[in-house]
Amino acid sequence: MRSFEVKNMTSAEDMKSLRLITAIKTPYLPDGRFDLEAYDALVNMQIANGAEGVVVGGTTGEGQLMSWDEHIMLIGHTVNCFGSSIKVIGNTGSNSTREAIHATEQGFAVGMHAALHINPYYGKTSVEGMVSHFDSVLPMGPTIIYNVPGRTGQDIPPRVIHTIAQSPNLAGVKECAGNDRVEQYTDKGIVVWSGNDDQCHDARWNHGATGVVSVTSNLVPGLMRRLMFEGKNAELNSKLLPLIDWLFQEPNPIALNTALAQLGVARPVFRLPYVPLPSAQRVEFVNLVKKIGRENFVGEEDVQVLEDDDFILIARLC
């Protein structure tokens with residue numbers, strides 16, 4: 001029996017009720033290595049404010065800038081430190097099926113509760129190829145399929161999801177193709193998490209979504225929990241939309257990384273090719289924090305604009 005079959009005790013059913021999953025940020029030390037002290041503090045803040053799951057090494061967590069050794073280490077670290085308090089979803093997907101299989105086996109071996117799998121990107125495949133790709137990883141354990149055509153360049157069509165939904169290991173879909181698609185799945189009993197923070201309120205309360213896999217909850221986890229748990233709240237949603245718009249003015253995670261540095265909860269260190277937002281946008285963030293209320297954001301330090309010279313850009317690890 002393989003190690004992942006022994007270590008992972010979570011079922012797909014255990015994942016289906018999660019309403020707030022944070023795509024957690026990975027902070028860095030000045031030499032570009034992981035800042036695990038800051039990372040642990042971020043995860044603890046998520047737990048304290050009611051997040052039920054974290055995606056480790058996703059796009060927000062910059063898994064695309066990690067070696068697989070770093071990636072699996074961070075999944076294992078998260079499980080060992082927090083796995084009894086929050087569900088750990090490892091982003092072990094790849095555009096190479098062989099690589100996805102290997103990474104997913106390792107992820108379950110170190111105890112992750114579920115895997116996040118994207119469709120093959122750049123070197124795109126056919127619909128039949130997508131089904132075969134997902135069928136190759138689904139037997140390993142609970143799986144969330146991630147559809148984000150804006151990043152992969154290829155939509156996962158509903159017939160793919162309906163085909164693989166026969167697997168007992170399909171926990172659900174993180175869907176970024178809009179709320180009509182969300183409802184198309186939820187009407188068929190397929191669990192969906194919105195992948196769009198700006199649409200998640202309506203997805204949850206009007207279109208049947210279970211919850212959200214959120215970027216914004218890195219900053220305001222308590223408010224995002226309210227948005228997912230306390231019923232329709234157009235006022236709170238409207239209050240958060242300017243922050244969400246700010247977060248996605250450039251490709252994620254550029255603005256999030258900038259914001260967490262301004263809040264003093266992560267060092268102002270960026271792994272290239274990501275660079276911080278310019279000063280004018282940093283001033284906008286300070287004003288957003290003041291408007292929403294500093295008490296709603298993670299960390300305890302006063303929000304700062306920071307100087308351009310405060311930021312460290314890492315091209316290669318020392």
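Linking Ile, Leu, Val, Met, Phe, Trp and Tyr whenever their side-chain heavy atoms come within less than 4.5 Å puts V298 and V215 in one cluster. Note: the hydrophobic cluster containing L138 does not contain L116 (ILVMFWY, side chain heavy atoms under 4.5 Å, direct or indirect links).
Here the shortest heavy-atom pairing between V269 and P30 reads CG2-CA, 3.9 Å. Here the closest non-hydrogen pair linking V191 and T210 is CG1-OG1, 3.4 Å.
Residues in residues 261-275 take part in these salt bridge (Lys or Arg N to Asp or Glu O under 4.0 Å) pairs, two or more places apart or across chains: D35-R267, E70-R271. Sorted by first and then second residue, the salt bridge (Lys or Arg N to Asp or Glu O under 4.0 Å) pairs with a member in residues 213-238 read R226-E230; sequence neighbours excluded.
Between H207 and the options E183, Q199, Q184, a side chain to side chain donor-acceptor pair (under 3.5 Å) holds for only E183.
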Taking only distance into account, with no hydrogens and no angle test, what donor-acceptor pairs under 3.5 Å do side-chain atoms of residues 81-92 form with protein atoms, sequence neighbours excluded?
unit_1, atom_1, unit_2, atom_2, d
N91, ND2, G57, O, 2.8
T92, OG1, T104, OG1, 2.8

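Listed by chain and number, the residues in a side-chain contact (heavy atoms from CB on, under 4.5 Å) with L277 are W246, Q249, E250, I254, A255, T258, Q281 (sequence neighbours excluded). Residues satisfying the salt bridge (charged side-chain N to carboxylate O under 4.0 Å, His left out) test with D187, not counting sequence neighbours, are none.
Note that R151 lies outside the cation-pi zone of Y121, set by a 6.0 Å cut-off to the ring centre and a 45° limit from the axis.
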Run the numbers on S132 and D135 for side chain to side chain donor-acceptor pair (under 3.5 Å), then give the verdict. CA-CA 5 Å; S132 294; D135 279 346; 5.7 Å; no
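Under the 4.5 angstrom side-chain criterion for Ile, Leu, Val, Met, Phe, Trp and Tyr, L29 has no cluster partners at all.
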